[in-house]
Amino acid sequence: MGRDVIVACDFKSKEDTFAFLDKFTGRKPFVKIGMELFYAEGPEIVREIKKRGHKIFLDLKLHDIPNTVKKAMSVLRNLDVDITNLHAAGTGAMMQAALEGLTREDGTHPLLIAVTQLTSTDQESMERDLLIEKPIDEVVMHYAETAKNAGLDGVVCSPLEAEKVHNRCGKAFLTVTPGVRFADGDVGDQKRVMTPAEAKKIGSDYIVVGRPITAAADPVAAYERCVKEFVD
Ligand code: C5P
């Protein structure tokens with residue numbers, strides 16, 4: 001899998017999701033399924049979207065004791081998703097256990113990536129609520145290194161962090177970056193954003209794009225524009 005645009009299907013139901021995906025006649029975009037849709041529709045939604053020929057990033061951000069995460073990952077393994085994730089804050093032991101659970105009998109596994117610090121966490125809330133007093137950039141890089149040492153394939157990070165992660169963890173360590181907006185588009189609630197072209201320049205491997213595509217007047221044209229800027 002090379003550089004690609006992942007469309008965040010943040011819909012509340014299967015009907016809304018399929019109404020959206022049906023607009024794409026020629027292309028089969030890489031789709032992100034998050035907690036809302038997964039909890040509403042269950043694992044069947046993954047099977048159905050997969051059957052339609054889409055690649056899937058299942059974004060459930062697991063975080064629990066290693067044994068529980070390992071067992072949960074062995075269930076997700078059977079869904080045959082292409083990418084899934086967890087919180088690096090669960091520690092290296094949890095990430096290693098997760099990878100074991102996700103690994104198939106033939107030794108292959110879906111790409112497993114770690115959330116470092118959520119982009120909704122800032123320096124102040126990290127110090128106040130988590131009692132972590134290091135600079136947030138340093139925390140993100142340390143979590144990325146811990147994920148790499150645990151055998152993970154990459155991290156979810158802000159596009160502004162992607163270059164630093166590659167410098168620290170190597171180019172092969174994947175950076176999956178939300179917070180992407182068109183130069184002439186609405187920023188919405190995302191604070192630190194980049195255009196698809198900028199994300200390409202700094203070396204993001206995958207961009208995750210939601211509302212700039214899902215809420216566009218012409219979602220297919222918006223998707224094509226993303227692909228043109230980021231992939232082509
Ligand atoms: O609509 P928008 O393009 O902001 O959607 C971005 C997607 O990426 C959403 O599904 C959001 O939950 C997800 N995400 C994010 N920031 C993170 C991790 C995930 O925006 N740090």
Problem set entry | Note, C169 side chain near M141 side chain (heavy atom, < 4.5 Å) | no
Exercise. Under the salt bridge (Lys or Arg N to Asp or Glu O under 4.0 Å) criterion, do R47 and E44 qualify, and how do the steps go?
Worked result: CA-CA 5 Å; R47 294 191 191 97; E44 198 50 33; 2.9 Å; yes
For this session: For the pair V5 and V231, evaluate side chain to side chain contact (heavy atoms under 4.5 Å, CB included) and give the outcome as yes or no after the intermediate values.
Result: CA-CA 8 Å; V5 174; V231 184; 4.2 Å; yes
Exercise. Does some side-chain heavy atom of V155 sit less than 4.5 Å from a side-chain heavy atom of V176?
Worked result: no
Problem set entry | Proximity of F20 and F11 rings by center, below 6.0 Å | yes
Exercise. Do R77 and T108 have side chains that get closer than 4.5 Å, going by heavy atoms?
Worked result: no
Exercise. How many angstroms lie between OG1 in T103 and NZ in K70, if you round to the nearest 0.5 Å?
Worked result: 9.5 Å
Problem set entry | same_hphob_cluster(L21, L58) at 4.5 Å side-chain heavy-atom cutoff | yes
For this session: For D22 and K28, run salt bridge (Lys or Arg N to Asp or Glu O under 4.0 Å): C-alpha distance rounded to whole Å, both residues' side-chain angles, the deciding distance at 0.1 Å, then the answer.
Result: CA-CA 10 Å; D22 283 344; K28 296 280 182 193; over 6 Å; no
Exercise. Rounded to the nearest 0.5 Å, how far does CD of E127 lie from NZ of K134?
Worked result: 12.0 Å
For this session: Kindly confirm or rule out a cation-pi arrangement of R27 over Y223, judged by NZ or CZ under 6.0 Å from the six-membered ring centre and within 45° of its axis?
Result: no
For this session: Find the distance between CG (L152) and CG (L86) and round it off to the nearest 0.5 Å.
Result: 5.5 Å
Exercise. Are L131 and Y143 connected in a single hydrophobic cluster, I mean Ile/Leu/Val/Met/Phe/Trp/Tyr linked by side-chain heavy atoms less than 4.5 Å apart?
Worked result: no
Seminar exercise, completed: Of all heavy-atom pairs linking H54 and P29, the shortest is ND1-O, 2.7 Å
For this session: Indicate yes or no: does D186 engage R181 in a salt bridge with an N to O separation below 4.0 Å.
Result: no
For this session: Give the minimum heavy-atom separation between L76 and L62, together with the two atoms involved.
Result: CD1-CD1, 4.4 Å
Exercise. Does D122 CG have over 12 foreign heavy atoms under 6.0 Å away?
Worked result: yes
Problem set entry | K200 vs E229 side-chain heavy atoms within contact, under 4.5 Å | no
For this session: Would you check if the side chain of D82 reaches a backbone N or O of F57 as a donor-acceptor pair within less than 3.5 Å?
Result: no
For this session: May I ask you to decide if L112's main-chain N or O and D153's side chain share a donor-acceptor pair within less than 3.5 Å?
Result: yes
Seminar exercise, completed: Between P159 and M194 the two heavy atoms that sit nearest each other are CB-SD, 3.4 Å
For this session: Locate the shortest heavy-atom distance separating I213 from C226; write the atom from each residue and the value.
Result: CD1-SG, 4.1 Å
For this session: Decide if atom NZ of K50 counts as having more than 12 heavy atoms of other residues, nucleotides or ligands within a radius under 6.0 Å.
Result: yes
Exercise. Is the cationic atom of R3 (NZ for Lys, CZ for Arg) positioned less than 6.0 Å from the six-membered ring centroid of Y206 and within 45 degrees of its normal?
Worked result: no
For this session: Quick one: closest heavy-atom pair of M126 and T121, and the distance?
Result: CB-CG2, 4.0 Å
Exercise. Can you tell me how far the CD1 atom of I65 sits from the CG atom of N67, to the nearest 0.5 Å?
Worked result: 5.5 Å
Exercise. Any link between L60 and F30 through a network of hydrophobic side chains (Ile, Leu, Val, Met, Phe, Trp, Tyr) touching at under 4.5 Å?
Worked result: no
Exercise. Considering only heavy atoms from C-beta outward, does the side chain of E48 approach that of F18 to under 4.5 Å?
Worked result: yes
For this session: Find out whether V180 and V208 are in side-chain contact, i.e. whether some heavy atom of one side chain is under 4.5 Å from a heavy atom of the other.
Result: no
Problem set entry | Taking every non-hydrogen atom, the tightest pair across A8 and T214 | O-CG2, 3.6 Å
For this session: Start with the C-alpha gap between L118 and K61, add the side-chain angles, then the distance that decides, and say whether side chain to side chain contact (heavy atoms under 4.5 Å, CB included) holds.
Result: CA-CA 11 Å; L118 291 169; K61 300 188 179 71; 4.0 Å; yes
Seminar exercise, completed: Only one of D59, V46, I45, D16 passes side-chain contact (heavy atoms from CB on, under 4.5 Å) with L37, and that residue is I45
Problem set entry | T17 vs I49 side-chain heavy atoms within contact, under 4.5 Å | yes
Problem set entry | Lys/Arg-Asp/Glu bridge criterion (N-O < 4.0 Å) met for E124, R128 | yes
Exercise. Got a second to check how far R168's CZ is from F173's CZ, nearest 0.5 Å?
Worked result: 11.5 Å
Exercise. Going hydrophobic residue to hydrophobic residue with side-chain gaps under 4.5 angstrom, can you get from V156 over to V69?
Worked result: no
For this session: For T146 and H142, indicate whether the former's side chain and the latter's backbone hold a donor-acceptor pair under 3.5 Å.
Result: yes
Exercise. Is the backbone of S13 close enough, under 3.5 Å, to the side chain of E41 for a donor and an acceptor to pair up by distance?
Worked result: no
Problem set entry | Exam field: side chain D205 to backbone G2, donor-acceptor pair closer than 3.5 Å | no
For this session: Please check if V81 and M95 belong to a single hydrophobic cluster, counting links between Ile, Leu, Val, Met, Phe, Trp and Tyr side chain heavy atoms closer than 4.5 Å.
Result: yes
For this session: Supply the atom-to-atom distance E100 CD to M73 CE, rounded to the nearest 0.5 angstrom.
Result: 12.5 Å
Exercise. Going by heavy atoms in the side chains, are I207 and I6 under 4.5 Å from each other?
Worked result: no
Exercise. So, E161 side chain and S158 main chain: donor-acceptor pair closer than 3.5 Å or not?
Worked result: yes
